[in-house]
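Below you will find the structure I want to go over with you.
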Amino acid sequence: FSTTKPIAALMIARLVDQGRLDYEKPLAEIWPDFAQNGKERVTLGQAMSHQAGVAAFVEPIDPKDWFDPPKLAADLARVAPLWPLGTASGYHAMTFAPLAAEPARLADPQGRSIGVQLAEDLCAPFDIDFRIGRAASEAHRIADLKLPPAAADLGELTDLKRAVFMTRWGAPRGETPEWRDAEIPSANGHGTAAAVAKLYSIYANGGRIGGKQFISPGAYEALTRTRIEGPELVLPYDIHWAAGIMRNNALKVGPNPDALGHGGRGGSVGMADPDRRMSAAYVMNKMSPALVGDARWERLVAALYACL
């Protein structure tokens with residue numbers, strides 16, 4: 001689920017590093033249709049840090065559009081911002097997908113999707129067992145999920161939270177071949193815990209992996225610096241957002257306040273501690289209702305730090 005987001009963010013950072021995208025420029029410069037309904041000033045950095053104001057489809061869309069990235073991007077381009085730009089963050093739980101996928105596709109010289117870029121430019125060269133989309137062929141290796149016994153606690157319910165989490169068109173149904181094959185970089189990454197930890201190691205090592213610089217120090221700083229902090233409009237926490245990953249305040253990814261990480265629905269977690277040059281991940285099939293890292297993860301990360 002959402003532990004996927006910082007992995008997609010690495011591919012955006014790589015395109016920034018190559019000069020093909022720019023966090024500080026309007027998203028509409030590379031994606032002109034996105035300028036509709038007053039979004040012409042939304043920057044890529046704001047979109048990656050959940051400030052774009054398009055956290056939900058208030059008006060219905062065809063749920064099948066989640067399996068059609070160009071159609072989903074067109075749907076999102078028409079959405080009007082749900083709050084004034086620059087005033088707050090509101091977790092783009094699912095709509096982070098086209099915000100990452102469409103710029104990545106448009107910026108790539110070969111027009112490759114973000115999932116193909118991840119597969120060809122990062123996972124294959126470094127032998128990482130992870131993918132966004134194209135996972136139906138791995139169905140025999142994928143653990144079936146056991147749904148949580150209760151819904152997550154979102155705090156006081158608002159119309160925005162209902163729109164993000166409680167509409168029949170706000171997300172596709174998971175655990176299907178269509179879900180596994182689609183590229184939904186907000187949520188449908190598939191991989192092992194070791195693979196997630198290896199990908200998050202880029203955050204723990206200043207943009208390096210396998211002894212090589214995957215993104216430059218400058219791009220790493222732009223990716224990981226706090227872009228907005230304070231009370232969230234969607235999640236019931238004060239969150240420090242970087243460009244697709246959280247700083248460690250509400251996250252519970254360990255004792256270091258400078259750690260980075262992200263959780264996913266059901267309890268999965270990826271984390272990186274740049275001071276220790278350490279990354280770790282937890283994945284599970286028995287889902288919990290915890291909105292941020294559940295008790296199983298907290299015990300594991302406490303034990304990990306106790307070993308250091």
Below 4.5 Å, heavy atoms only, C-beta onward: do I184 and P172 meet side chain to side chain?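 SC-SC contact between I184 and P172 confirmed.
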Pi-cation contact, Y23 with R227 (under 6.0 Å, within 45°):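 Because its charged atom sits under 6.0 Å from the ring centre and within 45° of the axis, R227 does stack over Y23.
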Gap separating the CH2 atom of W179 from the CG atom of N188, nearest 0.5 angstrom: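 Result: 5.0 Å between the selected atoms.
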P103 pairs by side chain to side chain contact (heavy atoms under 4.5 Å, CB included) with which of L15, V16, D108, L21?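 Answer after filtering L15, V16, D108, L21: L21.
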Take atom CZ in R208; do more than 12 heavy atoms of anything else shown fall under 6.0 Å from it?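 More than 12 within 6.0 Å, yes.
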Taking C-beta and beyond as the side chain, do L145 and F1 meet within less than 4.5 Å on heavy atoms?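 Answer yes - side chains close enough.
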Between CZ of R141 and NE2 of H190, what distance do you get to the nearest 0.5 Å?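 Reported to 0.5 Å precision, the distance equals 11.5 Å.
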What's the verdict on side-chain contact (heavy atoms from CB on, under 4.5 Å) for L72 and W66, showing C-alpha distance, side-chain angles and the deciding distance? CA-CA 6 Å; L72 188 66; W66 287 100; 3.4 Å; yes
Got a salt bridge between D62 and K64, using NZ or NE/NH1/NH2 to carboxylate O under 4.0 Å?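 Looking at D62 and K64, the cut-off is not met.
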Relative to the ring of Y91, is the ring of H50 parallel (under 30°), tilted (30 to 60°) or perpendicular (over 60°)?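 Aromatic pair H50/Y91 classed tilted.
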State whether the side chain of E102 and the backbone N or O of A73 hold a donor-acceptor pair below 3.5 Å, judged by distance alone.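 No: the side chain of E102 does not pair with the backbone of A73.
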Ignoring hydrogens and angles, tell me if any N or O in the side chain of S279 forms a donor-acceptor pair with the backbone of A204 under 3.5 Å.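 No, S279 side chain to A204 backbone: no donor-acceptor pair under 3.5 Å.
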Of Q213, M278, R277, the residue whose pairing with N205 passes side chain to side chain contact (heavy atoms under 4.5 Å, CB included):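 Of all the options given, the one that passes is R277.
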